Structures are given as C-alpha cells and as structure tokens.
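One-based numbering, in listed order, for ligands and for the atoms of each. Because the structure is predicted, anything quoted here is derived from the model rather than measured.
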Amino acid sequence: MAPRTSTFRLRWMITTVALTLLLLLIIRPCNGNFFKPFNVSYDHRAIIIDGQRRMLISAGLHYPRATPEMWPNLIAKSKEGGADVIETYVFWNGHEPAKGEYNFEGRYDIVKFVKQVGSAGLYLFLRIGPYACAEWNFGGFPVWLRDVPGIEFRTDNAPFKEEMERFVKMIVDLMQSESLFSWQGGPIILLQIENEYGNIESEYGSGGKAYMAWAAQMAFGLSAGVPWIMCQQTDAPEYIIDACNGYYCDAFSPNSDKKPKIWTENWDGWYTSWGGRVPHRPAEDLAFAVARFFQRGGSLSNYYMYYGGTNFGRTSGGPNQITSYDYDALIDEYGLLRQPKWGHLKDLHAAIKLCEPALVSVESPQYISLGPLQEVGAQTSIKTIGQDAAFSQEMIQRKVMAQSWTTVPEPIGVWGKTFTYQGILEHLNFTKDLSDYLWYTTRQFASDEDISFWEKSNTTPALTIDSMRDFMCTFINGQLAGCTKGDWEKVVQPLKFVQGYNDIVLLSQTVGLQNYGAFLEKDGAGFRGQVKLTGWRNGDIDITNSSWTYQVGLKGEFSEAYAGKDDKHFRWKEFPHDSTPNIFSWYKTYFDAPAGTDPVAIDLSGMGKGQVWVNGQHIGRYWSLTAPEDGCNTCDYRGAYDSDKCVTNCGQLTQSWYHIPRSWLQPSNNLLVIFEETDKAPLRISIEPRFTSTICSEVPQDHYPLNAWSGGQLSGPSAAPELYLQCDDGHTISSIEFASYGTPQGYCQKFSQGNCHAESSSSVISKACLGKNSCSIQVSDDIFGDPCRNVIKTLAVQAKCSPPVDNVFSYISSNSKTEM
Ligand SMILES: *[C@@H]1O[C@H](CO)[C@@H](O)[C@H](O)[C@H]1NC(C)=O
Ligand SMILES: *[C@@H]1O[C@H](CO)[C@@H](O)[C@H](O)[C@H]1NC(C)=O
Ligand SMILES: *[C@@H]1O[C@H](CO)[C@@H](O)[C@H](O)[C@H]1NC(C)=O
C-alpha cells in the first residue's frame, strides 16, 4: 500500500471536521453560536482570525439567485471545493420592495442563509453596500428611492444618506440581534460598505469625497465589531480596508502598510447580455491568478462568482442582461459542479492551505524565497496536481413535453384604469417598475391629401423618437408595425396611415434597469427627447405634447394570469395546435415534473420574447436573440484574460434553457404560464432534468512534486497525484468508456491509446469506480505497473454517470400515466 497522500489526508481531515461539526450542531440550539466567539482583526500581512493570520478562500454566492432549498447543497459544494468563506451582497430592493415594507422571506431570508453558512462551519463576508451593482436590477436600489424628494444617490445628499444609513443600520442590527457576528459566535467576519465607489467618485466632485468619508464613518460608527472593507476605493480611510476587484489582483497594494491585501472580486467569468456571446474564463488562467495572488502576499480571495445562479423574475440588471447569471462560475447555474474548473481550483486551494502557515508567518511576501523557478513552478504544478476533467451535459429520455394549451390575448394599448397627459412622461416615473410594460396611446388625423402625397411620392411616413431604451413596439390601428431594441438610440419606425383618425400605440419596455454608473436616479427608461411623425406633406409633426393615454403593465399581470386565474374578464380558451397564434398572448398548460431530484430546465428556444412562470413563481424573462456569428475563436488561456477572449454560442441563441428550481415543482400537474410577445406558438417546449453524463479526468504522473512550488518549505513524502472522478449528487459511475495509464492522446470524448499503455488500466479503474458516486486513484507505477520505463506517464479516464435507477423507473411509470 502506497503512503497516503497529502490530498487524502486533507480530505480525511475535512471529513473529520465536518462530522465533528455535525455532532456539535445536533447538541446546539439553531440560534447563532456556530463557533466559539472569536475576534477578527488584521495587520499588514493578513486578516487575523482568533489570533491567527489567515489566507482565506471565499466563494461568492448571492442568496436570492438560488432558492433556500438549494442553499445547503451550494454551501456544502463550496466547502468541498476548499472555500473558508461565503460572500454575498445584500439586496436592498429585494428586502424593502416598498418604503417601510420589508421582505425577509423565501429567497430573501438572509438570516437563514447566514445561519446555514455558519452551520456548515464557514465564515461569511457580508457586502451590505447598499449599492450592489451585481448585474442586479437598478444595482440593488429600490425604485421608490428615486421618488424621495430632493434625493441624489451616492453623493453628499442628506435624503440619500438618511435612507442609506437607515438600511445599513437595520441590516447590522438584524445580524447582531441574531448573534451572527464572529464575536457572538456567528460566522460574519467581514463587512463591506458602498461598492466600487472609487470608479465613479470623481464624477461627483467634492460631494463624492465627502460622501465617501461619511459612508466610511457611518459604517464604522455602527460598532459591528468586525473589519469593514471598501473595494476599488484607493482613498479609503485608515480604519477601512481598501480592496481590489478584477481578473488579476496580484499587483495590487492597499493604500496603507497597515492593511492586508484583499481581492473582493476575482472575476472567474463574466455576465451575458441578450444577443451576446457567452464568456468563459479558462480554469488554468484563473488558477494561475489565484496562486500568484497568494504568493504575492494576498490574504483573502473571493470568487465572483463561485455560484452565479439565476436572475429570477425581473431581478436581472441592465439594460439587457439575461436571466441566467451562470457567470461561468465554479458551480453552474443548476448547482452542478463545473469541471474542470471546480476540481482544478479545489486542488489549488488544498495546495494553498498546505502552504498557509508558512506563507503567513513571513512578515512581508518579498522575503519569501520565491525565485523565478518557483514562480514557474506555481503555474505548472497546477496542471500537475489538477484533475483536468471535462464534461458534457446531455439530456436523456426523461424529458417532458407539454400537451394541450389554452390561451388568452393581451389587449393592445388600453385595458384598465388609464391616465391622460399632454406630453411624454418618463417610463419609470409612471410604472415605478411594477411591470416592464408601459403603453402610450394617441391619435393622429391623416387627410386625403396626406395619403395621396405618400402614394405619389412613393414614400412611407415614420414615427421618429430621439432616444429610446431598452425595447419598444409600435402599433397602428391595432396592427403591429415593428419592434426595436435600443440603448438610448434614435428610433425610426415606418407607419402605414389610413385616411381619417389613426390610433398610434407605443409599448415601452424595460429589460432590467441600469445597475452601474454615476447618477443612477437620473437614468430612467423609455423615451427621451422629441417624438415626431416624419415624412409628412407639410413637414414633421411633433407629437411629444399631444394628448397621450397611459396604461401601466399587462392585463394578465394584474389579473394574475401567471397564477392561472380565470374570470369573466380574462378567459382562457383552447389553443388547437393548428391555430394561428396572436401576438401578445398568454398561454397555459400543465406538466408532470421529470422524476428524480436532478435540477430542471425548460427549453424556450422555440419562443420569441416574453416571461415565464411555473406554479405562479416567476422564472424570468426569456428572449430568443442570437449571438453574432463571429468571435468564437479557439480559446488559448495564455496571456491576460478579458471577457471577449474565450466566448461561445456564436450564431446561436444567447440563452435557450431556463432554470426551474426543483422546490417550485410538485410531482404532477405543474402550472406553466407563458406570456409571449411575438407570433410564436408554444409547440416546441420541453422540460428536462439536467445532469452531467460524461466525466473525464487526465492527470500526469508526479514529475513536479507537490512540495516544489511551496519553495521546499513542506517536509514529508512527496505526494503521488490522484485522479479523481465525481458524478452529480445521487448519480453513479456506470461504465468506464476509456482508461489508459501510459501516453494517451486526445481530450475528453476524443481520447485514444498512445504507444505506451498499461493493460491493467481499465480493470483498475473499473474496480475502484464502478457503482460509486466518486472515486480516486493514485497515478503511479505502484498501481498500474510500469508499461514503459523512463517515460512520463499520464492517466486518462472517461466515464459515464447514470441517474439512480429508480428515477428512470418512476419516470417511465408516470409517463405511461398509470399512477403518480
Ligand atoms: C475580543 O476583543 C474584545 C476587545 O478587545 C475582548 O474584550 C474580547 O474578550 C475578545 N473576545 C475574544 C473571544 O477573544
Ligand atoms: C420624474 O418625476 C420627478 C418628480 O416626481 C421629476 O422631478 C423628474 O423630473 C421626473 N423625471 C423625468 C425624466 O421626467
Ligand atoms: C412641450 O411642452 C413642454 C412643457 O410644457 C415644453 O417645454 C416644450 O417646449 C413643448 N414642446 C413642443 C414641441 O411644443
């Protein structure tokens, strides 16, 4: 038997700690007290927890981007991946949807979330903001905040400061009353005030400086008892740690030699816009950036995001950010491990932890003997100790097709209580963001002479708007003339008038409110400037100050069509498969959930644009926009990364699949409601479980020993690397499709044997792995024998993961409609 490896020892230790914690939890009350109370402080070298300098791995996970039912699993997977800390923003607009009306329930139950982090034995880094950015609607600000008299956001403005202080204090008090700070035995070790304010501070002039100083003082004055951070804030005061956000922060130094080096946002991927390509950040580049950060004196690195999740409902930021917030994070939108990233970094974290005591004990990182050789060593050792896995997601025959539909058309223009005004009112001022939709209706007379002028000159008049955001549709006499996507650009929409009065309807839509930049309160949505009719016989007609009738939202939204309501004002009718669909229609059906416990997704690639609900829960907006054809070149991880470098989905829809959380489903009769704006009918929709079906791993033999990259500071036997395979929760390795210890060629799903191959490969792997959820095998001659002397060998494995047998069985029985 070969000696146990360090990785093995680490895993064993983690398991022991986890078991101990579990035991502790059983005998402890649920209220706080997850740890023995401890203090958090810092010096120039590190964050100090209970007297110990620490190098901390932090995992970004925003609680409302998952469901409370998903939180424990996501936290556990973060911990298994090597995280010490969970980081989240606080989402003000989720917690205070109307001024003075609070929501701390469901996905916004932040106290429950923090307690779950504590009971997992992890620390929590709470970024209160309350400005969050986060590609979240309005950057996390409640839209009602715009209506506070005299308010200007994020500057030296009394009404804003009053609201901000009230909310920040409320969150700190809430955490304290639940005993969630470290000194109370809770998990909270760090807090953040404001967010990336340094990026925009100069736009506010002297007000910006004064506000920054006030925010720091206000936060510090709350006596929360743990350190406060300001990220991207080089002028942060002495008692607040300034921190770095970016793809690389190894070169960053805080603004004082008394503060540690903290990386608040390590961008391990990037967000996606409708019609955009999908960014990916290679694991190799990310691992290199993290290793170098700690090598150069870093104390805390937070993955932004470790789990990105979903912008449910209308929470996505904007303009135009998609419903998925997958972010190419280490755990994917559905909660599945993203390989090779997750495994690669897990191994790096284990290596960093082995070096932690040695590294933090040195006063200043430049004294650590990290010569050029070791620096290279850090980069290559990642490959050595990493399990270079790849996987593909495949749908098997557990998909569920909806059968029969009912439908009801959405009225165009006016359906309920309206308001008439001589002029164009700003979109958000009117909707208060209670809906994406705002209808503007007016009338315009066209004479016989106008009509014959257009016929003779063979021209078509148009509606022209100086500036529009984010999306609008124009109707004339009940017919759709066209829709336009905008970003404060000019709109020219040709319109066909008839002789007499013509009804003109403009439908202005928001697709996520602006979440970044200065002066957010002035940003608004909808139209700006003049609205004109152009190309008329006597010149342009300015209709900006015409009489406009305003209607907020959809009739279906206000009659709760999304929850399946049916009354005499809103009557669902059969929708036969061969009928011609109406634009702007609601559709409704029922479906049985895919069996088992795998995450579930709905394919809406057959639809146009709209919103979707399941059992009354708002899944989000959908939009079938295609990414540009070009730009998806082969990804080379070498060199500096940027979000355009490694993109996918060129020529394909930006998003086709939308996450339906398991906990929102019941076994059968789930209500699915779709609001579709185009004339696409819901005939090509499927609902399917998501899981990883093929896993691969490739690990070279030990030619760069693990202890080489720590500068030789570790003693003990050099660890033989291990190859590690893991299927999704509950799934097992059902077959080994490829296994070769020797010189295998190719990559995942394209492996082949090389000249050197150990005959034992397949039987060794099968014996160790078949029927298990995960397995690990040492990559060494001791295990496989030596098929070729003096050659550096590699072990490559491709395996198939299968769902639990009873899942498939129960699906078959439910599908054949016998029972369920
Ligand atoms: C934390 O620090 C405070 C103030 O110095 C001290 O009173 C308290 O005993 C410390 N708590 C622990 C658990 O060390
Ligand atoms: C929105 O309404 C406020 C008053 O409630 C007004 O001051 C502001 O100018 C309006 N914004 C726009 C763009 O019309
Ligand atoms: C529309 O009305 C506003 C406010 O009364 C005025 O400032 C503006 O000049 C008017 N525009 C036109 C084209 O008449």
Atoms in ligand 1 with a heavy atom of P37 nearer than 4.0 Å: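 Checking each atom against P37, I get 13 (C).
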Separation of SG atoms, C231 and C244, below 2.5 Å: no
Test of ring centre spacing under 6.0 Å for Y440 and Y550: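 When the ring centroids of Y440 and Y550 are compared, they turn out to be within the sub-6.0 Å range.
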Within the 6.0 Å centroid threshold, strictly below: F91 and Y63: yes
Positive for side chain to side chain donor-acceptor pair (under 3.5 Å) with R469, one of N320, D487, T510, D523: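 Testing each of N320, D487, T510, D523 against R469, the sole residue satisfying side chain to side chain donor-acceptor pair (under 3.5 Å) is D523.
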Ligand-side contact atoms (ligand 3) for residue partner D542, heavy atom cut-off under 4.0 Å: 13 (C)
Protein non-hydrogen atom below 4.0 angstrom of atom 7 (O) of ligand 3 present: no
Contact bool for atom 4 (C) of ligand 1 (protein heavy atom, d < 4.0 Å):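 So far as the 4.0 Å threshold goes, atom 4 (C) of ligand 1 is out of reach of every protein heavy atom.
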Note: E163-R166 ion pair, threshold 4.0 Å (strictly below):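 So E163 pairs with R166 through a salt bridge.
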Polar proximity ligand 3 side, N545 side, N/O cut 3.5 Å exclusive: yes
Shortest protein contact, atom 9 (O) of ligand 1 (heavy atom only): N39 ND2, 4.7 Å
Close side-chain approach of C473 and Q509, heavy atoms under 4.5 Å: yes
Contact check, T544 vs ligand 3, heavy-atom distance below 4.0 Å: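 Per 4.0 Å heavy-atom rule, T544 does not contact ligand 3.
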